[in-house]
Structures are given as C-alpha cells and as structure tokens.
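Notes to accompany the following structure.
Any value given below was found using the heavy atoms of this structure, including those in side chains, with hydrogens, waters and symmetry copies removed. Atoms within each ligand, like the ligands themselves, are counted from 1 in listed order.
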Amino acid sequence: MATTERLDRYRLHEHDWESFEALREWFEWEVPDRFNMAAYVCDRWAEETPEATALFVEDHTTAGDARGDGSGATGSYTFAEFEAEASRLANHLAASGVGHGDRVGVNLPQKPETAIAHVAAWKLGAVSVPLSTLFGPDGVGYRLADADATACVVDESNADALRRARDEYNIGLGTVLVVDGAPQDDERAYADAVAEQDADREAVETDAEDDALLIYTSGTTGDPKGVRHVHRMLLGHLPGVQTNANFEFGEGSRFWTPAEWAWIASLFDLVFPALYYGRPVLAYHGGEFDPEAAFDLLDRYDITMAFIPPTALRFMMQVDSAGYDVDTVEAIGSGGESLGESVSEWAEATFGGALVHEGYGQTEANVTVVENGELAEKRAGSMGLPAPGHEVTIVDPETAEALPPGEVGEIAVRYEGDPVCFVEYWNQPAKTDAKLRNGWLLTEDLARMDEDGYVYFESRKDDVIISSGYRIGPEEIEESLASHEAVADAAVIGVPHDERGEVPKAFVRLADGRAPSEGLRSALMDHVKDRLATYEYPREVEFVDELPRTSTGKVRRQRLREREGIAD
Ligand SMILES: Nc1ncnc2c1ncn2[C@@H]1O[C@H](COP(=O)(O)OP(=O)(O)OP(=O)(O)O)[C@@H](O)[C@H]1O
C-alpha cells in the first residue's frame, strides 16, 4: 500500500485547545513527499479498522426503491467493503486503459459509488472530475470536453444528459459506466463491470504534487473554470475543517451534508475529511432538498457534525422542527455564501448547544477563514479568522499590496507553501496569471479585516453596487430582507440610475402564504431603511417565484443582470 504516516499535526481533535491563537501558533504544515489521498481516506482504514463503518446509505429514489422494499434502500459499507469496491472499480478502469493523470468524470448524486469512484481514480494516480447531476447536456459536455476526460461514471438520473453531451460535444470518452440504470450502446452497467474484477488493488505511490482533482468553479460569475488540484489539497483542508467543526472527529462522530457530492465544500469540508479520520459519512439520495427530511436524518442517524449551506438552513427555518431530536449535533459548518446573523442565531437556538460556524473559501483555496465559537468570540458580521496554517490578508485590488486594518479590499491568500491552494486553471494561463500576483492568490472577493484579524465579507468584486459614490455589498441588503417574516429568499443587484449611477434592486421570493402587494413592497423598503444606511435600501423590489441559483445554491446575480439587460 502507498505509505500512510500518522501525520500528527492533523490530529487536532486529540488536543484540548485553549485559544485560537495558541492553535494557530502551534500548527504547521506537514506534507510528505509521497501522498495519495486514496491511501489515507480508504486503504489505511481497511487495514486498521476494517469493520468500522465508512458509509451509511439511504436512497429514496426509484433506483433505491428498486433495490429495496419500496420504502427506500438503506445499508452501509465498512471500510473493508468500501476499499474492496474501490479496488474493483480501479481494476476495471485500469483494464479499460485509464492510467496515471487521466481524467475520470464522476457524475453521481450522493451515493456510495460517488466516494468509491473518486477513490478508484486516485488509487490509479488518475484525476477525478466531480460533476453535478443537475447539469444538463451543456454543463456536462462543456466540462468533460474541457477536461478531455477518458472515462465517466454516471448515474441513471443523468445518463441521458451525458448521452446528448457525447453527441453534441467532442468528448473522447472510452469508458462510460452507468450506476443503477440500463446501459446503452458502448456503455456498461457499473454493477456488472465491477462484479467481474478482483477486490484487491493498492493505491499507487503518488507524489503529493501529482494531480488528483480537476474541479470546476460554480460558474457564478461566468463560464466555470477547471481548477487543478494535487493530492496535498486534502491535507490543506484539515486544519480549517477541524477548527470549523470544533474538532468533532473523535470516536462516535458521524457526518452528513445535504450538499451534492460534486462541490468542493461537500467533498472536502466534510466527506473526505471524515473518511481521513476513519469516521462514517451518510450518503443520502432523496431527490430535491427537503428540509423535513434533513431534520429526520440528523435525528435518525445521530449525526454529530453537519455541513449545511446557508440556502438549506434558510429552508429548514421554515419548517417546524419540534418533533425531531437533534441533540447529537455538536457542530454545524456553513459557507459558500454569507450565512447572516438571523440564520446563524436560528440554527444555534434550534440545535441546542451546537456550535454553528461560518467558513469561507473558494474552489481555488478552500476553508481559509473559519469561526470557532469556543476558541475565539464570534463577531457580528464576520466570517471569522484566518484558519490555522493559512496567511490571509486584504490587499488593494489594483496593486495587490496589503492594506491596513479596516480598509475594504480584496481577500488574498499567500499561496506558496499552502497545500490547499490550486496549481493553476486548466488550460487558462491568462486567468491563472491574473489570479496569482505578488505571492498572493487573489480571491476576487471584497472584505475588510479588523485589528484582530477578523474578516468581514463585503461582496464579490463583480457584484459591488456603487450608488452616489457609496460602495454597497448586495449580501447585507439580502440579509436584511431575509430577516423580514414575509421573505423566504432575496437577491439584490445594482441597476442604472440617472442621478445616483446605480441603485439596489431586490428580487424577493415570498414565504408561503404571503402575497405580493404595494403595501408589502414599501414595508420591505422601510424594513431595510430602518436597519441599514439610507442609501442602501432597495429602490426597486420585484416579487419572483424563484431565484436563479447555481447547483451549489449560490444566487446568480449575473443572471438577474442579464434579465435586466445590464450584463457586461
Ligand atoms: N462565508 C462566505 N460568505 C460569503 N461568500 C462566500 C462565503 N464562502 C464562500 N463564498 C463565496 O463563494 C465563492 C467561491 O465559490 P466557488 O469556488 O464555488 O465558485 P464561484 O466563485 O461561485 O464560481 P465562478 O468563479 O465560476 O464564478 C467565494 O469566492 C465567495 O464569493
């Protein structure tokens, strides 16, 4: 097996931490020359704790029911079973010609095969390419063609989209395996393909700098970019994830996220860190996000740590949770967009005693700013402090020079020696050059930092609204609107205005049972005016049935600008 050293610096849960500062001072990176993620999240546990559970599985879709008794299929995989299945798939892929550095698409929902497919690719030294099942033919086609993938594992729910993508895009896929569905043409059924293989294949020795993951940005601001990550990136996540999760990775811990296993935050803030520590993760496949089901799962599986994005928490706020016992939940991590005080307060009250922590990151450099309410006070409006091991500062967006505390500028991460940072954008050297300047990875997000290092998110560089010379972040207005009882969801953009240059315009989805009216429109404007600066209230409010969001739940303000005819 590829060597697996103990790497003590990442076992943060074995310590009693007194302060965030002490932890930050103590922590230093420990990246071995040879490091293969598959050896650490799978193979080692198959040897050390083969009977421990790696995955709990619950599937409520048609495919799940077909395997079960009509009430959905449930089951689990021990680490020994997880490893055996990953070995079988790796053997099939190897027999089909997949080798070191080749790209393997993973277009699956939350199913055991998703984690298995990533691990199988890494065992071979190949590169996994996570793909959302919400992508249609263009989403899948664009990414697989761009990645020049040689194989893809797809779920029956997305097999048709992949078929159309193969017709319409120039994708040289030699191998397509269909999970839980009928294969067509040159495709094969996943189950048949793995059944005929040996359950024995060790992870190859890889360099920590070898490619492991080609993951696409959410595409919130334009065409998604392929982000090249190498094996060390998992280690780069661990201190931030551990801190955010309040070190809840000890024995008895159980993990779940409702976020699709195609996004960096679900895969590397939860799934693979949990498996790195030999702890089980729930793979729940139930179709669209259902807030009641979320409470039910937290209750039935005695989940101790969950990563729940703000959008999902906002949906959970709308249901009555009184009948669910969620006392096992010790920590909730959230992020990907601003969490907001009202959601955070609600979550802390609902999950009595649980710590709710916002984290900040992006596909290129994830979990670099974190909260930990036990080690450092939370500060209103802040996402927390630079995570252990990461140097984060605010720079002038023009010069990439550091700015003094209190000034708004661009969040920057020192990338040299930081294992969480990406290598480059795939086939986009000009974009990489613009992203890495003066030793800093520029996040394209605006924020300020106080004297003590707390980071306060303002907005994405592209979303900032300039009204009468004031710079306004849409998130603050959205948060203010969301705190009104009639509002379920809100998004804000800047629209042109003769005198002021731009003014904020809000798109509002009302809570169930509330109807649009002129009275409500002005009540919402007054609500924001009361709470924020007068120049910040939305001069226009449009009621909508739905807001455009990415597959990761982020609001696509660019789409709203397009609708208004003001996109760049
Ligand atoms: N806690 C947070 N608060 C506010 N925004 C956040 C937070 N965490 C992440 N974000 C936002 O999400 C972004 C990272 O998202 P991701 O890497 O998934 O792709 P994207 O930036 O949405 O896509 P694209 O680059 O294609 O537009 C961050 O740069 C930031 O704008």
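- Using a distance-only test at 3.5 Å, with no hydrogens or angles considered, a donor-acceptor pair links the side chain of T432 to the main chain of Q428.
- Using a 4.0 Å cut-off between heavy atoms, K554 contacts ligand 1 through its side chain alone, with no backbone atom that close.
- Selection from Q362, E337, E444, R460 by nearest heavy atom to atom 21 (O) of ligand 1 gives R460.
- For Y360, heavy-atom contacts with ligand 1 shorter than 4.0 Å involve the backbone as well as the side chain.
- Between T443 and ligand 1, not a single N/O pair is under 3.5 Å apart.
- Using a 4.0 Å cut-off between a side-chain N of Lys or Arg and a carboxylate O of Asp or Glu, E377 and R379 qualify as a salt bridge.
- When the ring pair (Phe, Tyr, Trp, His ring centres under 6.0 Å) test is applied to Y415, no partner is found at least two apart in sequence or on another chain.
- Electrostatic pairing of E410 and R437 does not count as a salt bridge here, judged by no charged N lying under 4.0 Å from a carboxylate O.
- Listed by number with element, the atoms of ligand 1 under 4.0 angstrom from any heavy atom of S338 are 3 (N), 4 (C), 5 (N).
- You'll find the ring centres of Y276 and F249 outside the 6.0 Å limit.
- Under 4.0 Å is where a charged nitrogen must lie from a carboxylate oxygen, and between R460 and E444 no such pair does.
- The W263 neighbourhood of ligand 1 comprises atoms 18 (O), with distances under 4.0 Å to a heavy atom of that residue.
- Put simply, part of G359 is less than 4.0 Å from ligand 1, judged by heavy atoms.
- Taking any N or O of E358, backbone or side chain, at least one lies under 3.5 Å from an N or O belonging to ligand 1.
- In this structure the side chain of F307 reaches within 4.5 angstrom of the side chain of P309, judged on heavy atoms.
- For K225 and Y425, the positive end sits near the middle of the six-membered ring, less than 6.0 Å away and at most 45° from its axis.
- Remark: distances from the non-hydrogen atoms of Y216 to ligand 1 are all 4.0 Å or more.
- Listed by number with element, the atoms of ligand 1 under 4.0 angstrom from any heavy atom of M383 are 1 (N), 2 (C), 3 (N).
- Note: no N/O pair closer than 3.5 Å links P224 and ligand 1 by distance alone.
- Comparing heavy-atom distances from atom 28 (C) of ligand 1 across D445, I411, I264 singles out D445 as nearest.
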